[in-house]
Amino acid sequence: RAWRWHTVTTPQPFSKVMSAATEEKKKTFVPNPKELDGVPDLSSLIYLEEPHVVHNVKCRYNKDLIYTGISSVLVAVNPYKQLGCYTNERITHYANKAKYEKGLPHVYNVAEQAYRQLIWSGKNQSLIVCGESGAGKTENAKFLMRHLAYTTSIGLYCSNKSSSMVEEKLSSDTAMTSAKIEQQILAANPILESFGNAKTLLNNNSSRFGKFTKLLFNKAEKDGEGGNIVGSAMETYLLEKSRVVFQAKGERNYHVFYQMCAGLKTEELKELGIIGGAEDFAYLNQSDCVEIPGIADDHRFEELVQAMDLLGFDAESKSKLFCSVAAVMHLGNVEFESASKTSDACKIAEDEDGVSQYSVQMAAHLLEIKEEDLVRRLTKQSIKIRGKVIWKDYDLAGAESNRDSTAKAIYAALFDWVVLKINTELFLSKLEAKRNALLEKEKAEKKKKEEEEKLKKEEEERLKKIADVEKKLEKKEKKKKKPKKKLNSKFAMFESKAPAPAPPIRRRKGKKKKVEAEEPEEKEMSMDDLDNDPSIKWIGILDVFGFECFDYNSFEQFCINFTNETLQRYFNYNIMLSEQAEYQREGIFWKPIELPDNKPTLDLINKRPGGIFYLLDSAGQMPKADDKTFTTLIFKEHKKHPMIKKMNTNPRIKQTGRQKAYINGFQISHYAMPVTYDAKEFLIKNADRVHEDSVDLFCSSKSKLVAKLLRKLKGKKSKKRTLGYVFSEQLRTLMKNLHKTKPFFCKMH
C-alpha cells in the first residue's frame, strides 16, 4: 500500500536537471482557440500574453479591421490606405448603438462613449491620441472631432428625422448656429495643417506642434435639453521653428509655402514676387523635395482658402497673411558678402542676377517697412553704451544667423496669430460676449442700487428738514410763553453779549476734483475661464507629436520625447495601476504586474534643481557658454545616473595620444528606446531670442497685421523665460487638466 501511494524517484544527473529547466522555460507557445482569432475585444481571449495580442491584432488587420479594444483603450494599426469605415452612416450607426449597448471598437465608438460619460456624470472627458510618428494620430484625432461635432449638432438630427421635421428644426436659429459651429470646428483642421504640418521622413503630413482641442458643450439639464456643442478652444505647444530655415534631405518645409506657390493665380504670384515656383527659394529647395507624390498642393490651397472664409478671415486678412508668408520666403534668398577685405563687416551680396537685392526689396515691400531699415537690420545691430546707441556690423556668420532668427520669429508669430484668430471665432468672442453681458448686468444692478440709495438719502434729508422746522417752531412758542428777565444793571453789559463766533478757516481756492467711480479692469480672455464657467463642459482631444528617434536629434526631439515620456506614465497610472488596485479592492485573485517606472527619467529631465531643463537655463546665463559648458554641467550633476550616459556624437579631434574626442552629446534611456541627442544647438534654441531691433522695426510697419505680430515682445527686458521653461510649464498645466478628466486612450501603431 505504501508503494502504491508513493512514487520512488532515483537521483538524476545535474545536466539532465538543467536541460529540464531549460525546456520548461522554452515552453511551446499555447495559442487561443481558433474561433477566438480576431475577436474585437482583447479581454475575450483566454491567453493574454504579448504574442496572443499581436496575433489577434494581425488577424483583424488582415481583414481591414484596424481597431481593437480593451477597457477604455483603443488599439489602432495604420493601414496606409483609404478605408470606407468613416462615412456619416457609420457615425449615425455608432451614435444610435451606444444608446443601448457597447458598439464594436472604432474611433467613432470611443468618441461616443466619452460623450455619454460627459452627459451622465457631468465630468469633463479627455481623448488622448498617442503613438509614434507616422502612426496616424492626426487623422484619428480629426475623426474624433468630426464624430462629436456631427452628432451633437443638426447633422445627426437630419439623418434620423423626416424631411418635414428637419425643415421645422432648421427654421430655428439654434439649429442653424449649431450647424455653423460644426462646420467651423472642422474647418480649423485644414488651416492648422497648412501652417503647422510638414512632410518628414516618416510621415507626409506630420504635425510639427502639439495641440489640445477642447470641444465645448452646454450643460445637460434634467429635462433632456443641453449637451449641444457650442464652440471649441485650442491650446498649441512647441511649434518647430527651426524647420522654417532648415529641413533634412527628403523632408519639406510647412505645407503653406508650397500650397501658395501651387494655388495662387499668376497675377497674385507676381504681386508677391514669386515668379518661378518653390524651387527658386532657399528655404524650400534645400532638401531636394518640393512635391509629395499623390498630394496636390493646389487642391489643398483651395481647401485652405474655403476654411479661412468659413472662420471669418476677410479678404484683407488673407492678403496680409500671404504677404507675410511670402516675405519669409524672400528673406531666405538674401545672401551676404564681406564689405571689405580689412574688416569682418558684411553687406547684402551683389549677385550677377541680383537675387539678394531683389529679395530684400520684395521682403520690405510685403512687410510694409522701409527698405533701408530692413537692410540695416539684416547687417547691423544696435548696442547701447552710456545712453548712446551705436550700430555694430555683423560678420557673415552673425548676419546669416540673424536673418534666420528673424524669419523664424515672423513665421512663429504668424502661426500664433492664426491660432488666436480661430480661437476668437470659435470660443473667445462667445465667451467675451457672455462676459460683457454679465458686466452690463452688473453695471445695471449697481446703477439701480445707487439710484435707490440716492432716493433713500433724499427722503431722509427731507424728513430731517421737516423735523428741524418743527423743532424751531416749538422753540419760538416756548420763548413767547416765558417772561423776559430784567437785566441786572451791574452786569448787564456782560450778560447781554453772546460769545463771539470762531474765526472762519481760510482755505486755498481751487477747483474741486470730481471723484469718478472706478470701472472694473477688463481681464484678458484665457482658457482658465472655461473651468470657472459652470454652464460649459468640455471633451479634450490631445494630439501631440509622436516619439521620435533620428540620426540627428536636437532640442525639438528632446521636448517631444519628454512629452511622450510624461504621457506614458499617465497611461500606466490610469490604466494599469488603477485596474490592479480595483482588482485588489474587489478581492479578485490577481498576480500584480511589475510595470517599468519611468519617474527617474522624468526627474532627470525636469526636476528642479538638477534637471536637464534647469541646467540648460543655468548654462545659458553663463558668459560665453557653449554646448561643452552644457554637457559638462549635466555630467557633473548626474555622474552616476543610470538613465543617461556620455555620447560622442560629433568627434572634432582624433583620439591620438592624450587628445580626447570632444563630448557634445548624451544618450537618455526612454521608455521606448535609448535616444542620442546632439547638444550643439540646445542653447540657441532654448534662448529663443528675438533682437529688440527686429521688434522695433516690425512694430513700425504700416501693415496692421505685421505691426501686431511682435508687439507683445516690445518693451520687455532681454532676460526672459526660456523656451524649455515655457514648454515644461505648459506641459505641467496640460497634465493638471488631464488629471481632472476621465481619460480614453487611442494607441496608434
Side-chain angles (χ1 to χ4, degrees), residues 50 73 128 130-133 210 237-238 542 544-550 553-581 591-620 627 629-649 663-679 682-683 686 722-739 743 745 747:
E50 183 179 346
V73 181
I128 301 168
C130 49
E132 63 183 5
S133 182
Y237 310 97
L238 194 70
L542 180 62
V544 294
F545 8 64
F547 190 90
E548 293 183 347
C549 181
F550 302 119
N553 301 290
S554 189
F555 183 72
E556 291 86 3
Q557 282 70 42
F558 181 74
C559 293
I560 287 170
N561 293 341
F562 170 58
T563 304
N564 284 272
E565 194 83 48
T566 306
L567 290 174
Q568 181 65 26
R569 181 170 177 79
Y570 179 71
F571 174 79
N572 289 344
Y573 174 80
N574 278 277
I575 300 300
M576 308 301 293
L577 295 179
S578 61
E579 287 288 335
Q580 292 187 67
K591 183 180 178 181
I593 300 173
E594 293 184 7
L595 296 171
D597 187 9
N598 63 347
K599 191 175 187 302
T601 305
L602 294 173
D603 290 343
L604 168 69
I605 296 173
N606 199 36
K607 191 174 182 180
R608 287 179 177 264
I612 293 177
F613 276 128
Y614 178 81
L615 297 176
L616 185 60
D617 293 346
S618 300
D627 51 339
T629 310
F630 172 47
T631 52
T632 302
L633 284 175
I634 291 177
F635 294 114
K636 184 180 178 181
E637 182 73 24
H638 305 288
K639 190 174 182 180
K640 296 182 180 180
H641 200 289
M643 309 307 291
I644 187 171
K645 65 179 181 179
K646 294 181 181 180
M647 293 298 293
N648 185 9
T649 57
I663 300 297
N664 72 331
F666 55 93
Q667 185 185 82
I668 294 180
S669 298
H670 290 286
Y671 74 97
M673 65 176 71
V675 180
T676 302
Y677 299 98
D678 193 327
F682 269 56
L683 286 171
N686 184 55
T722 60
L723 185 59
Y725 178 83
V726 172
F727 178 71
S728 59
E729 287 298 311
Q730 285 180 333
L731 185 59
R732 186 180 287 109
T733 304
L734 171 65
M735 299 311 298
K736 187 179 177 182
N737 284 333
L738 291 180
H739 279 293
F745 292 90
K747 302 284 283 186

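A 4.5 Å side-chain heavy-atom check between Q667 and V675 finds every atom pair outside the cut-off. Counting only heavy atoms from C-beta outward, the side chains of F727 and T722 never approach each other to under 4.5 Å. With a 4.5 Å cut-off on side-chain heavy atoms, C130 and K747 count as touching. Counting heavy atoms from C-beta outward, I668 and I612 have side chains that approach closer than 4.5 Å. Taking 4.5 Å as the limit, every side-chain heavy atom of L683 sits out of range of all side-chain heavy atoms of F555.
For the pair K645 and F666, the cation-pi criterion (under 6.0 Å, within 45° of the ring axis) is not fulfilled. Under the 6.0 Å distance and 45° angle rule, K640 does not count as a cation-pi partner of F635.
For Y237 and F545, the gap between ring centers reaches or exceeds 6.0 Å. Here the two rings, on F613 and F562, have centers that are under 6.0 Å apart. Taking the ring centroids of Y671 and F547, they lie under the 6.0 Å cut-off.
With a 6.0 Å radius and a threshold of 12 heavy atoms from other residues, nucleotides or ligands, Y573 has its OH atom at or below the threshold. Within a 6.0 Å sphere centred on OH of Y614, other residues, nucleotides and ligands contribute 12 heavy atoms or fewer.
Separating the CZ atom in F558 from the CD1 atom in I560 is a distance of 12.0 Å, to the nearest 0.5 Å. Interatomic distance, N606 CG to Y725 OH, rounded to the nearest 0.5 Å: 10.5 Å. Here the NZ-NZ distance, from K646 to K639, works out to 8.0 Å after rounding to the nearest 0.5 Å. Taken from CD in E637 to CG in L604, the straight-line distance is 10.0 Å, to the nearest 0.5 Å. Atom CZ of F682 sits about 7.5 Å away from atom CG of L616, to the nearest 0.5 Å. For the atom pair CZ of F550 and CD of E556, the computed distance is 10.5 Å after rounding to the nearest 0.5 Å.
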Can you check side-chain contact (heavy atoms from CB on, under 4.5 Å) on I605 and E565, steps first, answer last? CA-CA 10 Å; I605 296 173; E565 194 83 48; 5.5 Å; no
Take Y677 and N561 through the side chain to side chain donor-acceptor pair (under 3.5 Å) test and state the conclusion after the steps. CA-CA 11 Å; Y677 299 98; N561 293 341; 2.9 Å; yes
Might you work through the side-chain contact (heavy atoms from CB on, under 4.5 Å) test for L542 and L734, ending with a clear yes or no? CA-CA 10 Å; L542 180 62; L734 171 65; 3.9 Å; yes
I would like to know whether N574 and L738 meet side-chain contact (heavy atoms from CB on, under 4.5 Å); could you show each step before the answer? CA-CA 11 Å; N574 278 277; L738 291 180; over 6 Å; no
Determine, step by step, whether V544 and L567 satisfy the side-chain contact (heavy atoms from CB on, under 4.5 Å) criterion, reporting the C-alpha distance in whole Å, the side-chain angles of both residues, the deciding distance to 0.1 Å, and the verdict. CA-CA 10 Å; V544 294; L567 290 174; 3.6 Å; yes
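The existence of a salt bridge linking D617 and R608 is confirmed by a sub-4.0 Å separation between a basic side-chain nitrogen and an acidic carboxylate oxygen.
Note on ring orientation: taking the six-membered ring where Trp is involved, the planes of Y570 and H739 are perpendicular (angle over 60°, cut-offs 30° and 60°).
Pairing each heavy atom of C559 with each of L238, the nearest pair is CB-CD2, 3.3 Å. Listed here is the closest heavy atom pair of N564 and G131: OD1-O, 4.2 Å. Between L615 and I634, the shortest heavy-atom distance links the atoms CD1-CA, 3.8 Å.
Checked against M643 for a side chain to side chain contact (heavy atoms under 4.5 Å, CB included), the options T601, L602, N598 give a single hit: T601.
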